[in-house]
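Proteins come first, then strands; the chains are lettered A, B, ... in the order of their sequence lines, and each starts at number 1.
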There are 6 protein chains.
Amino acid sequence: MNTRLDEFEAYRLRMNDRVMEANHLGIKRFFNLDSKAYEDGALPASTKELLGLAASAVLRCNDCIDYHLIQCTKAGFTDEELYEALNVALIVGGSIVIPHLRHAFETIDLLRDRESG
Amino acid sequence: MNTRLDEFEAYRLRMNDRVMEANHLGIKRFFNLDSKAYEDGALPASTKELLGLAASAVLRCNDCIDYHLIQCTKAGFTDEELYEALNVALIVGGSIVIPHLRHAFETIDLLRDRESG
Amino acid sequence: MNTRLDEFEAYRLRMNDRVMEANHLGIKRFFNLDSKAYEDGALPASTKELLGLAASAVLRCNDCIDYHLIQCTKAGFTDEELYEALNVALIVGGSIVIPHLRHAFETIDLLRDRESG
Amino acid sequence: MNTRLDEFEAYRLRMNDRVMEANHLGIKRFFNLDSKAYEDGALPASTKELLGLAASAVLRCNDCIDYHLIQCTKAGFTDEELYEALNVALIVGGSIVIPHLRHAFETIDLLRDRESG
Amino acid sequence: MNTRLDEFEAYRLRMNDRVMEANHLGIKRFFNLDSKAYEDGALPASTKELLGLAASAVLRCNDCIDYHLIQCTKAGFTDEELYEALNVALIVGGSIVIPHLRHAFETIDLLRDRESG
Amino acid sequence: MNTRLDEFEAYRLRMNDRVMEANHLGIKRFFNLDSKAYEDGALPASTKELLGLAASAVLRCNDCIDYHLIQCTKAGFTDEELYEALNVALIVGGSIVIPHLRHAFETIDLLRDRESG
């Protein structure tokens, strides 16, 4: 069962809707720019998701890590590839990243469970 | 002329030697692990350098940005690809990254000058 | 019902009392200085609370965001004004702030519910 | 004489032009959103510049502090008001902000010299 | 009863095992280096744990604070000594550290309860 | 010759005087609290300086690192002890700390030159 991930996705969706509903032009445009930053371009979308994952890990944001791991597994990265990206984040960001590494490994396992669900 | 880059590389080399000379086992092992994190593995070395660049940009470290840009240009990334990686860092990290974006663009230009030198 | 906010406020109050009880002179003085920083002075208290909110948002601290939102709504700021302050924080701090933006919007809604009792 | 500020502004202008010239749509849109975030809206532009200053100070970015101090003095804030905003940043961000406080006070003095120039 | 601490320790142990099981050489070596950094050397292990505590507090990581508090109480530090170390972290890191100070005081109390358990 | 350290100390002294001269009560009290945090208490002053050094290193502030290294060498710490403290900071904070490690090693050498001056 994927309670933690399901709850995260439901909350994220509900509150993003709430934020959009507030109709603040700047915030709406930022959310739009944010989506576009991960589309195919000079770099493929998959590489950009991996960059988003590494950036989220060194900045130590579990929600952002979960979001990018969801995207990265959809993009087809293997566990070994995700571990490698997380290792770069661990080296750059240090042991303070370790609690988020534990979280990330748990999320990867939950995502694989869901896939094989 | 590439004074800024040349000075950075000379200082980096000189002080890394000084740090190694101190012969602290933990620090030496960390430097070794740091090098290994960017070698070919489940992900190619070039992708890892791009991850290092994005992580360095969101953590706002000019020396780290310069180091990874040197490696990224050696790995063959085009300007457009580097701009895309920096754009992801800008979106993730916000306007506080802009001074480092300016620095990164200047470094890219210096590296291209050196290549065509 | 405002369970999340009520729990935050109860925990905050109880643990602040615990910290004060430890009677560490430096910590007590810091708490005192912290309170005074948001009093009317050359800038009105309300503006300072808004500064506290923006600083808390870019530093990504949900408890601090909640505390300053409580103070900001007491000071009479409208939702639109709070969204504007949060938009500045979003631009400065980037998408890594988004999970805290979701949290802040939820807190604003909880605070308005509480007001309308 | 204002060498430090003049050099900062010249470099900032030159490199912003360079970044725009690269013509990356995402980066250009971000720069545009960034400008718009500080325009009059539910909050006056001057308050937003003060928020930008406090956010820049707690995130410890001298270039960003200088930019927002330039805007804040144009908006008419007095020295006392700027010190109050910086004091909030100091309390929120701690002694690690002090080197940037020193820098900010120097910049305020340089800006007042220029005004009275 | 020590539910919060027990849960943290069980989760930490379980997920560290999971991370080790993934068998990524870089990550395993990092975990090993991390352990060694706190062993007796030119500085005693106890002083290094106190450094780990202060570093964790200014970087605002509750899991890391809890881990180092467990080690620090094992090393024999008194409450007064731990408050002093946390006060340094509070001054260096500012009021954004306060939520973590509350957490740390609660953890210290839980650890003392367990000792006297 | 110690130009870099001399310039840092002269600038620090001059600008601290300037900040005090502005006579902002909150800022003055913060500076006072900051000094007191490193005085002998339940922990000796020397240990607190070492905590200040580690905190400054993981927060990546060269001026703060230099200040605490000056205090730490006055307190009698050997090079090996300082390297150990910096190694803890490197492990906690990761490779993003390396540019500051280089700076710290250079500062230690400058301080030893000055001592043997």
### Query
Does the side chain of E/C64 reach to within under 4.5 Å of the side chain of E/L59, using non-hydrogen atoms?
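Counting from C-beta outward, E/C64 and E/L59 never come under 4.5 Å.
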### Query
Can you find a heavy atom in the side chain of E/L110 that is under 4.5 Å from one in the side chain of E/F8?
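The answer is no; the side chains never approach within 4.5 Å.
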### Task
Please report the C-alpha distance between C/L53 and C/F77 in whole Å, then the side-chain angles of each, then the deciding distance to 0.1 Å, and finally whether the side-chain contact (heavy atoms from CB on, under 4.5 Å) criterion is met.
CA-CA 12 Å; C/L53 174 63; C/F77 285 109; over 6 Å; no
### Message
Before you tell me yes or no, could you show the steps for E/V58 and E/V88 under side-chain contact (heavy atoms from CB on, under 4.5 Å), namely the whole-Å CA-CA distance, both residues' side-chain angles and the distance that decides it to 0.1 Å?
### Response
CA-CA 9 Å; E/V58 298; E/V88 170; over 6 Å; no
### Query
So which part of E/L86 gets closer than 4.5 Å to some heavy atom of chain C, the side chain, the backbone, both or neither?
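It is neither, since no heavy atom gets under 4.5 Å.
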Here's a test: name every donor-acceptor pair under 3.5 Å between chain E and chain C, with the distance for each.
| from | atom 1 | to | atom 2 | distance (Å) |
| --- | --- | --- | --- | --- |
| E/R60 | NH1 | C/L59 | O | 3.1 |
| E/R60 | NH2 | C/L59 | O | 2.9 |
| E/Y83 | OH | C/R18 | NH2 | 2.9 |
| E/E84 | OE1 | C/H24 | NE2 | 2.6 |
| E/R102 | NH1 | C/N16 | OD1 | 2.9 |
| E/E106 | OE1 | C/Y11 | OH | 3.2 |
| E/D109 | OD1 | C/R18 | NE | 3.4 |
| E/D109 | OD1 | C/R18 | NH2 | 2.9 |
| E/D109 | OD2 | C/R18 | NE | 2.5 |

### Task
Please report the closest heavy-atom contact between E/A104 and E/I65, naming both atoms and the distance.
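Nearest pair, atom of E/A104 first, then E/I65: CB-CG2, 3.9 Å.
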### Message
Applying side-chain contact (heavy atoms from CB on, under 4.5 Å) to E/L82 and E/L50, what does each step give before you reach the verdict?
### Response
CA-CA 8 Å; E/L82 297 175; E/L50 212 58; 4.2 Å; yes
